[in-house]
Amino acid sequence: MEEDQLDYILVPMGLLVLGLYHCWLLFTILGHPKRTVIGVNAESRKQWVFFMMADPLKNGVLAVQTIRNNIMASTLLATTAITLSSIISVFVSGTSNSSNTTSALVYGNKTGIISSIKYFTILLCFLVAFLCNVQSIRYYAHVSFLVTVPSSKGNNDSIQYVARNLNRGSLFWSLGLRAFYFSFPLFLWTFGPIPMFVCCFIMSFVLYFLDTTTSFTRQLHTLSFREEVKRDNVESVGQSPFFCVSCWLNCCCLRIL
């Protein structure tokens, strides 16, 4: 195989590997969410919102502080993404006016069109990361106002709305982080299609390890959820009028005796 044809074969194969893995991840999240870290974290955030909004006067400071930390993390990634995009744009505009010198480290197609495509894909990756993190900041800022609104424990619609917005902000955070992950093989593509193809395979295995949960994690999450449900049931029974009447009768009997 000629050196110039490696980019037309290895690069689409590497992108296909990452695409197939993320298609499998999407179907797993939709069908079996507890097998993935994204699904388990979404359920945990939902429980967290229910716990915070059960008593906003007591938990309001903790909730706002936690969301503020997420906003700071998203702001850091958004700033990093737009800074790298600006650096790449300046670098591409500077090299286009100068003489086109190819490095001896690059093994593959060294034409100007392929080099422009390489830098454009990396730039597009960081722009997507910037937009996703900006949307994440938007949702987190909205949740910071909603989570401190007093809401009764029986009003599940408002709590579900807050939890849904929090999960949307976390989803955009995950997409922005994926864009940063995806920039690694695109950056290695500047050194040739072979490092890019190898990086796609290695990254698929690493992402599988980061995205999936073990049986111990699933059992621990299910156990904590059951304990929370039992605790809510006990509190609801304790606040029922029948329970209060029975306690009053017991107290009267003890006083008589």
Side-chain angles (χ1 to χ4, degrees), residues 7 10-29 33 36-42 44-45 66-93 95 105-106 114-141 143 165-213:
D7 292 83
L10 294 182
V11 173
M13 288 179 63
L15 296 178
L16 180 63
V17 170
L18 287 177
L20 290 176
Y21 168 75
H22 283 91
C23 288
W24 171 83
L25 180 63
L26 178 62
F27 283 112
T28 306
I29 292 173
T36 62
V37 175
I38 296 175
V40 171
N41 289 340
S44 299
R45 282 188 295 270
T66 304
I67 296 174
R68 188 179 71 88
N69 294 335
N70 293 329
I71 292 175
M72 292 176 61
S74 299
T75 304
L76 177 62
L77 289 182
T79 305
T80 305
I82 198 64
T83 303
L84 292 174
S85 300
S86 303
I87 293 174
I88 293 172
S89 301
V90 172
F91 178 75
V92 172
S93 60
T95 55
L105 296 175
V106 179
I114 298 297
S115 299
S116 300
I117 292 175
K118 293 177 182 179
Y119 292 121
F120 176 75
T121 52
I122 299 174
L123 177 63
L124 183 63
C125 223
F126 287 128
L127 288 177
V128 170
F130 171 75
L131 293 176
C132 289
N133 283 285
V134 167
Q135 290 297 318
S136 178
I137 295 170
R138 170 176 170 265
Y139 278 106
Y140 283 147
V143 170
N165 282 303
L166 181 61
N167 283 328
R168 286 178 181 176
S170 179
L171 176 62
F172 278 107
W173 157 269
S174 299
L175 292 176
L177 201 60
R178 294 282 158 167
F180 274 99
Y181 290 156
F182 196 70
S183 64
F184 281 99
L186 295 179
F187 174 75
L188 290 178
W189 189 20
T190 58
F191 297 97
I194 297 177
M196 186 264 186
F197 180 73
V198 174
C199 183
C200 288
F201 263 97
I202 296 175
M203 183 165 291
S204 298
F205 286 105
V206 173
L207 290 178
Y208 177 81
F209 175 75
L210 295 175
D211 292 333
T212 56
T213 59

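Side-chain atoms are counted along with the backbone in the values below, which use heavy atoms only and exclude waters and symmetry mates. Because the structure is a prediction, the values reported are computed rather than measured.
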Show the nearest heavy-atom pair for residues [X] and [Y], with the distance to one decimal.
{"X": "Thr36", "Y": "Ile29", "answer": "OG1-CG1, 3.7 Å"}
{"X": "Asp7", "Y": "Lys118", "answer": "OD2-CE, 4.3 Å"}
{"X": "Cys125", "Y": "Ala179", "answer": "SG-O, 3.2 Å"}

message = As a quick check of understanding, evaluate side-chain contact (heavy atoms from CB on, under 4.5 Å) for Asn165 and Arg168, giving each step before the final call.
response = CA-CA 5 Å; Asn165 282 303; Arg168 286 178 181 176; 4.2 Å; yes

Please report, to 0.1 Å, the donor-acceptor pairs under 3.5 Å made by any side chain of residues 197-206, with sequence neighbours excluded.
| residue | atom | partner | partner atom | Å |
| --- | --- | --- | --- | --- |
| Ser204 | OG | Cys200 | O | 2.8 |

In chain order, what residues pass the ring-ring contact (aromatic ring centres under 6.0 Å, His included) check against [X], with sequence neighbours excluded?
{"X": "Phe172", "value": "Tyr139"}
{"X": "Tyr140", "value": "none"}
{"X": "Phe184", "value": "none"}
{"X": "Phe130", "value": "none"}

Could you name each residue pair satisfying salt bridge (charged side-chain N to carboxylate O under 4.0 Å, His left out) that touches [range], not counting sequence neighbours?
{"range": "residues 173-200", "answer": "Arg178-Asp211"}
{"range": "residues 119-137", "answer": "none"}
{"range": "residues 181-192", "answer": "none"}

Rounded to the nearest 0.5 Å, what's the gap from [atom1] on [X] to [atom2] on [Y]? Could you check?
{"X": "Phe182", "Y": "Leu175", "atom1": "CZ", "atom2": "CG", "value": "13.0 Å"}
{"X": "Tyr181", "Y": "Leu207", "atom1": "OH", "atom2": "CG", "value": "7.0 Å"}
{"X": "Phe126", "Y": "Thr121", "atom1": "CZ", "atom2": "OG1", "value": "10.0 Å"}
{"X": "Leu188", "Y": "Ser183", "atom1": "CG", "atom2": "OG", "value": "9.5 Å"}
{"X": "Leu25", "Y": "Leu20", "atom1": "CG", "atom2": "CG", "value": "12.5 Å"}
{"X": "Thr83", "Y": "Ile88", "atom1": "OG1", "atom2": "CD1", "value": "11.0 Å"}

task = Test Met196 against Val11 for side-chain contact (heavy atoms from CB on, under 4.5 Å), laying out the working first.
result = CA-CA 7 Å; Met196 186 264 186; Val11 173; 4.0 Å; yes

Run the side chain to side chain contact (heavy atoms under 4.5 Å, CB included) test against [X] and tell me which residues pass, sequence neighbours left out.
{"X": "Leu127", "answer": "Ile82, Ser85, Leu123"}
{"X": "Ser86", "answer": "none"}
{"X": "Leu77", "answer": "Asn133, Trp173, Leu177, Phe180"}
{"X": "Arg45", "answer": "Asn41, Ala42, Leu166, Asn167, Ser170"}

request  = Report yes if some heavy atom in the side chain of Leu124 is under 4.5 Å from a heavy atom in the side chain of Leu186; otherwise report no.
outcome  =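 They are not in contact (no side-chain heavy atoms under 4.5 Å apart), so the answer is no.
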
request  = Start with the C-alpha gap between Trp189 and Leu10, add the side-chain angles, then the distance that decides, and say whether side-chain contact (heavy atoms from CB on, under 4.5 Å) holds.
outcome  = CA-CA 10 Å; Trp189 189 20; Leu10 294 182; over 6 Å; no

ask   = Between the side chain of Ser74 and the main-chain N/O of Ile71, is any donor-acceptor distance below 3.5 Å?
value =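 Between the backbone of Ile71 and the side chain of Ser74 there is no qualifying donor-acceptor contact (under 3.5 Å).
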
key: Any donor-acceptor N/O pair, Ser136 side chain to Gly169 backbone, under 3.5 Å   = yes

message = Show, in sequence, the C-alpha distance, side-chain angles and deciding distance for Val37 and Leu210, and conclude whether the side-chain contact (heavy atoms from CB on, under 4.5 Å) test is met.
response = CA-CA 8 Å; Val37 175; Leu210 295 175; over 6 Å; no

